[in-house]
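See structure below.
The analysis underlying the following values was restricted to heavy atoms, covering all of them including side chains, and did not include hydrogens, waters or symmetry mates. Per chain, numbering begins at 1; letters A, B, ... match sequence-line order.
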Amino acid sequence: MRMRKIAIASAALCALVQPLIAKTIPVAPGDGAQERLQEALISAVPGDVVELAAGKFVLTDGLSLDVNKVTLKGQGAKETVLDFSGQQGAGEGLLVTSDDVILRDFAVENSKGDGIKSKGADRIVYHKLRVEWTGGPKESNGAYGVYPVESKDVLVDSVIVRGASDAGIYVGQSRNIIVRDSIVTENVAGIEIENSYDADVYDNIATHNTGGVLIFDLPNLPQMGGKNVRVFDNIIVDNMTPNFAPKGNIVANVPTGTGVMVMANRNVEIFDNVLGENGTTNIMVVGYRFEHKDPTYDPLPQNVVIWDNQHGRAGWDPKFRGGAEIAAAMGGSFPAIFWDGAGGPSKAPIVMDTVPALSLGLTDIKADPTTAQPGPLAAATSRPAALPAIKMPEAMEAAVR
Amino acid sequence: MRLLLLSAMAIFAGAIVAAQPAKLIADESIISASNPATLSAFGFFGGTPDRPAGALIPYQLNTPLFSDYADKQRFIYLPAGTKISAAADGRLNFPVGAALIKSFGYPAGDGKLQVIETRLLLHRAEGWVALPYVWRKDGSDADLRVGGTRLAVSFTKPDGAHMDISYAVPNKNQCKQCHVSGDQVVPIGPIWQNMRFMLDADRRRILQDNPALAKLPAEAIWNDTKSGTLEQRAHVYLRVNCGHCHAPKGSASNSGLFLDGSAKDLSAYGIGKRPVAAGRASGDMDFIVESGKPARSILINRMKSVDPGIAMPELGRAASHDEGVKLLEEWIASMPPSAAH
């Protein structure tokens with residue numbers, strides 16, 4: 001017993017005398033990259049930088065990081081490539097499960113599942129990364145490119161994602177989020193904020209996706225009631241890539257040619273964006289219209305406010321059931337903004353854009369879209385007080401400055 | 001005593017030749033913050049993996065986690081003078097200084113188990129630590145491989161089919177991925193109702209210290225049709241194979257699919273539940289479990305697949321578990337088809 005006490009005491013002492021000065025652990029591509037890189041990620045201590053050399057790391061399994069306050073950095077999103085073409089195991093390329101992690105200046109290519117996932121990883125920074133399925137849009141590509149979930153303080157800055165068969169940048173069940181200065185192209189959904197609270201999505205380019213930016217809330221999940229999301233200063237154009245998501249996924253229901261889609265969220269602001277060349281519509285606000293048995297879930301969108309967006313062409317080829325008929329009745333084209341009517345007039349989005357907006361009049365959340373009774377959605381003359389800007393802890397902003 | 005052990009081993013584990021006479025286990029290796037580079041530093045085995053120290057308590061699980069058809073040998077180590085306690089639900093609690101030891105292998109040509117790796121769960125003062133050790137080819141010792149590794153393995157499945165797979169030894173983080181609950185690493189397997197001890201003395205000793213365990217109802221065994229209903233057997237299979245991640249505090253907490261026994265409604269069990277982040281694993285299907293329709297259930301699709309972007313569980317699945325798939329197919333087929341979802 002006495003022995004053990006001494007042993008415990010000496011173990012504690014060992015922990016205390018671990019080096020306090022942060023070190024850099026260099027890792028180069030080449031033979032044994034999988035084990036060398038994974039061992040570096042495991043042996044790192046808080047404060048360390050794991051630095052990837054330029055070149056292609058040929059990997060056989062998913063990588064993971066579970067140490068707080070570690071930076072994983074490469075030499076650039078073109079120069080340092082983590083190649084998962086030969087991946088044999090794990091559901092993602094890189095998994096982060098620790099706090100205060102910075103990921104920067106590298107690329108993840110052709111992972112079998114998701115690209116980079118961070119779960120329960122607070123204050124994570126994704127910076128100057130590229131996640132790409134290099135064959136372009138394919139149903140066999142992984143689901144999410146950048147995938148933070150169940151986290152607080154998420155900063156995605158200057159990231160490129162191409163080819164995700166679900167969402168390029170997907171933030172789920174998180175709070176306090178910024179997605180900015182990023183490019184999402186040839187994904188099913190460009191950027192998706194789902195079941196999350198307090199998010200700013202700005203200065204991004206979403207093009208050649210099926211849908212540009214999605215703000216969703218779904219039932220039967222630990223965190224629901226998605227709210228307080230601002231989408232502004234983005235370029236969301238030409239999202240006409242035919243939907244290539246496997247059916248069954250929620251995004252498989254996103255009509256090809258969607259700019260921004262809000263589903264069942266509360267307090268969403270869409271302003272100062274450039275939208276156009278989206279064949280279904282530029283902005284769509286809808287309820288969650290699938291069967292569910294979750295009494296705690298609210299399927300209706302509410303307090304969606306839309307103003308000062310620039311609208312180019314939209315709505316010439318609406319790709320949802322009943323859409324073509326409505327477009328024909330309206331002279332061949334669908335409007336740039338529409339609301340499905342879910343919940344009736346008290347739930348109507350407040351629209352101050354200068355383009356015509358439409359309500360489909362589907363007040364009953366269970367109504368069939370083919371029974372729509374379209375009517376104009378009157379422009380509003382005033383809007384409620386704006387949501388506050390999202391702020392990240394200073395250390396996170398410093399990391400990308 | 002020795003004879004009893006031998007026969008028990010022959011029945012349950014096959015290849016373990018004999019327990020070593022009482023050998024000193026290096027208690028300080030278990031609780032020290034530094035991780036020994038070799039397995040021999042602990043003294044759990046007398047050289048080769050088929051020679052467990054006499055101080056180890058061998059046990060089996062009635063319903064085990066499937067890991068690419070590997071055979072597993074499980075042991076508990078308790079420091080002298082310490083005891084196992086038990087929670088009301090039968091989950092065993094181990095004192096600091098205890099270790100859970102699990103060897104993985106496949107039968108060699110002579111039928112003898114060829115152990116590939118031994119995974120340790122060490123209970124230190126600051127919590128449990130999971131470490132993978134890979135045996136050397138000559139079986140002389142096993143080396144710590146925190147980064148994991150892959151090995152080519154051949155074996156014969158129960159249906160007689162020959163398999164060549166790339167066997168994955170998990171890295172330290174992957175050990176934690178399955179063993180995590182909240183921020184803590186925890187043991188998964190040792191739940192009294194699912195355990196079987198090779199030595200009756202071990203069983204009786206734990207019962208003596210925890211008399212309430214004797215009152216726990218027996219649990220269904222996944223592949224024993226007499227042990228419980230189809231649903232009970234399916235539930236225990238799901239708990240053991242999926243419930244460590246699919247739990248409110250597990251690695252798959254964000255899925256809302258809870259197979260650890262905590263589900264309070266059908267949806268949390270996957271029945272009529274739409275996928276959230278399944279990606280292409282949804283395979284053009286709408287629900288995790290579609291009542292009455294195993295072929296339309298994403299759960300079955302993911303269990304059958306060995307594609308890393310689809311396969312569930314995510315680790316230890318270079319092969320699919322045909323017999324487990326069959327059980328869950330029968331379970332889903334037995335549910336009345338529901339028009340509601």
Side-chain angles (χ1 to χ4, degrees), chain A residues 1 3-4 7-8 10-12 14-15 34-39 41-43 60-62 64-66 87-91 95 97 111-114 119-120 139-144 147 149-150 165-166 170 172-173 218-223 245-250 252 290-294, chain B residues 27-28 31-34 79 81 96-97 124-126 145-150 166 168 171-174 176-177 180 183 248 251 253-257 265-268 272-287 298 307-312 314-318 340-341:
Chain A
M1 199 60 195
M3 242 339 247
R4 180 145 11 95
I8 292 169
S10 65
C14 283
Q34 177 74 40
E35 289 176 32
R36 286 186 291 110
L37 176 48
Q38 185 58 64
E39 283 176 14
L41 293 172
I42 287 170
S43 64
T60 58
D61 279 278
S64 54
L65 173 61
D66 188 42
Q87 186 182 357
Q88 299 173 59
L95 173 66
T97 47
S111 58
K112 300 294 183 194
D114 304 311
K119 179 174 182 288
E139 186 179 303
S140 57
N141 291 349
Y144 301 138
Y147 176 14
V149 66
E150 288 188 340
S165 70
D166 199 307
Y170 170 98
Q173 301 182 64
L218 304 179
N220 299 123
L221 290 175
Q223 178 169 309
K247 286 196 281 287
N249 284 300
I250 189 74
F290 300 97
E291 282 284 346
H292 70 89
K293 292 178 192 129
D294 188 341
Chain B
D27 282 341
E28 71 280 7
I31 53 176
S32 149
S34 66
V96 168
R124 294 177 177 164
E126 64 273 23
R145 295 291 283 271
V146 292
T149 191
R150 281 189 173 273
S166 170
N171 66 55
K172 187 168 172 262
N173 287 351
Q174 290 172 321
K176 181 175 169 186
Q177 232 171 290
V180 76
D183 286 330
S251 285
S253 57
N254 56 303
S255 67
L257 174 66
D265 55 36
L266 292 179
S267 183
K273 177 176 161 54
R274 292 178 189 278
V276 185
R280 65 196 170 93
S282 67
D284 289 356
M285 299 166 201
D286 291 322
F287 303 105
I298 292 167
D307 178 331
I310 298 174
M312 280 286 161
E314 289 184 343
L315 304 175
R317 278 277 281 98
H341 64 251

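When the candidates B/Ile298, B/Val276, B/Leu315, B/Asp286 are compared by the number of heavy-atom contacts under 4.5 Å with chain A, B/Val276 comes out ahead. Contacts with chain B were tallied for A/Gln38, A/Gln34, A/Gln173; A/Gln38 has the most, counting heavy-atom pairs under 4.5 Å. When A/Pro222, A/Ala252, A/Gly172, A/Ala143 are compared by the number of non-hydrogen pairs under 4.5 Å with chain B, A/Pro222 comes out ahead. In terms of heavy-atom pairs under 4.5 Å with chain B, the best-connected choice from A/Ala245, A/Gly142, A/Ser140 is A/Ser140. In terms of heavy-atom pairs under 4.5 Å with chain A, the best-connected choice from B/Gly81, B/Ser34, B/Ser251 is B/Ser251.
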Start with the C-alpha gap between A/Glu150 and B/Ser253, add the side-chain angles, then the distance that decides, and say whether side-chain contact (heavy atoms from CB on, under 4.5 Å) holds. CA-CA 9 Å; A/Glu150 288 188 340; B/Ser253 57; 2.7 Å; yes

side-chain contact (heavy atoms from CB on, under 4.5 Å), that's the test. Do A/Glu139 and B/Asp284 meet it? Break it down for me. CA-CA 11 Å; A/Glu139 186 179 303; B/Asp284 289 356; 4.3 Å; yes

For the pair A/Thr60 and B/Arg150, evaluate side-chain contact (heavy atoms from CB on, under 4.5 Å) and give the outcome as yes or no after the intermediate values. CA-CA 9 Å; A/Thr60 58; B/Arg150 281 189 173 273; 4.3 Å; yes

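By the 4.0 Å N-to-carboxylate-O rule, B/Asp307 lies too far from A/Lys112 to be salt-bridged with it. Between A/Asp66 and B/Lys176 there is a salt bridge, since a side-chain N of the basic residue sits under 4.0 Å from a carboxylate O of the acidic one.
When heavy atoms are compared at a cutoff of 4.5 Å, B/Ala277 approaches chain A by way of both its backbone and its side chain. Heavy-atom distances place the side chain of B/Ser267, and not its backbone, under 4.5 Å from chain A. No part of B/Asp183 comes within reach of chain A, as not one of its non-hydrogen atoms sits under 4.5 angstrom from that chain.
Note that CG of B/Asn173 and CG of A/Leu65 are 7.5 Å apart. Values are rounded to the nearest 0.5 Å. Rounded to the nearest 0.5 Å, atoms CZ (B/Arg274) and NE2 (A/His292) are 10.5 Å apart. To the nearest 0.5 angstrom, A/Asn220 atom CG is 7.0 Å from B/Asp265 atom CG. Between the NZ atom in B/Lys273 and the CG atom in A/Asp294 there is a gap of 9.0 Å [rounded to 0.5 Å]. The line from CD1 of A/Ile250 to OG of B/Ser282 is 11.0 Å long, rounded to the nearest 0.5 Å.
Neither side chain, B/Gln174 nor A/Ser64, offers a donor N or O lying under 3.5 Å from an acceptor on the other.
In this structure the side chain of A/Leu221 never reaches within 4.5 angstrom of the side chain of B/Asn254, judged on heavy atoms.
In terms of the side chain to side chain contact (heavy atoms under 4.5 Å, CB included) criterion, residue partners of B/Glu314 (sequence neighbours excluded) are, by chain and number, A/Glu92, B/Gln177, B/Met312.
Of all non-hydrogen atoms in A/Gly248 and B/Pro275, the two that sit nearest each other are O-CG, 3.4 Å.
Panel note: side chain A/Asn249, backbone B/Gly279; a donor-acceptor pair is recorded below 3.5 Å.
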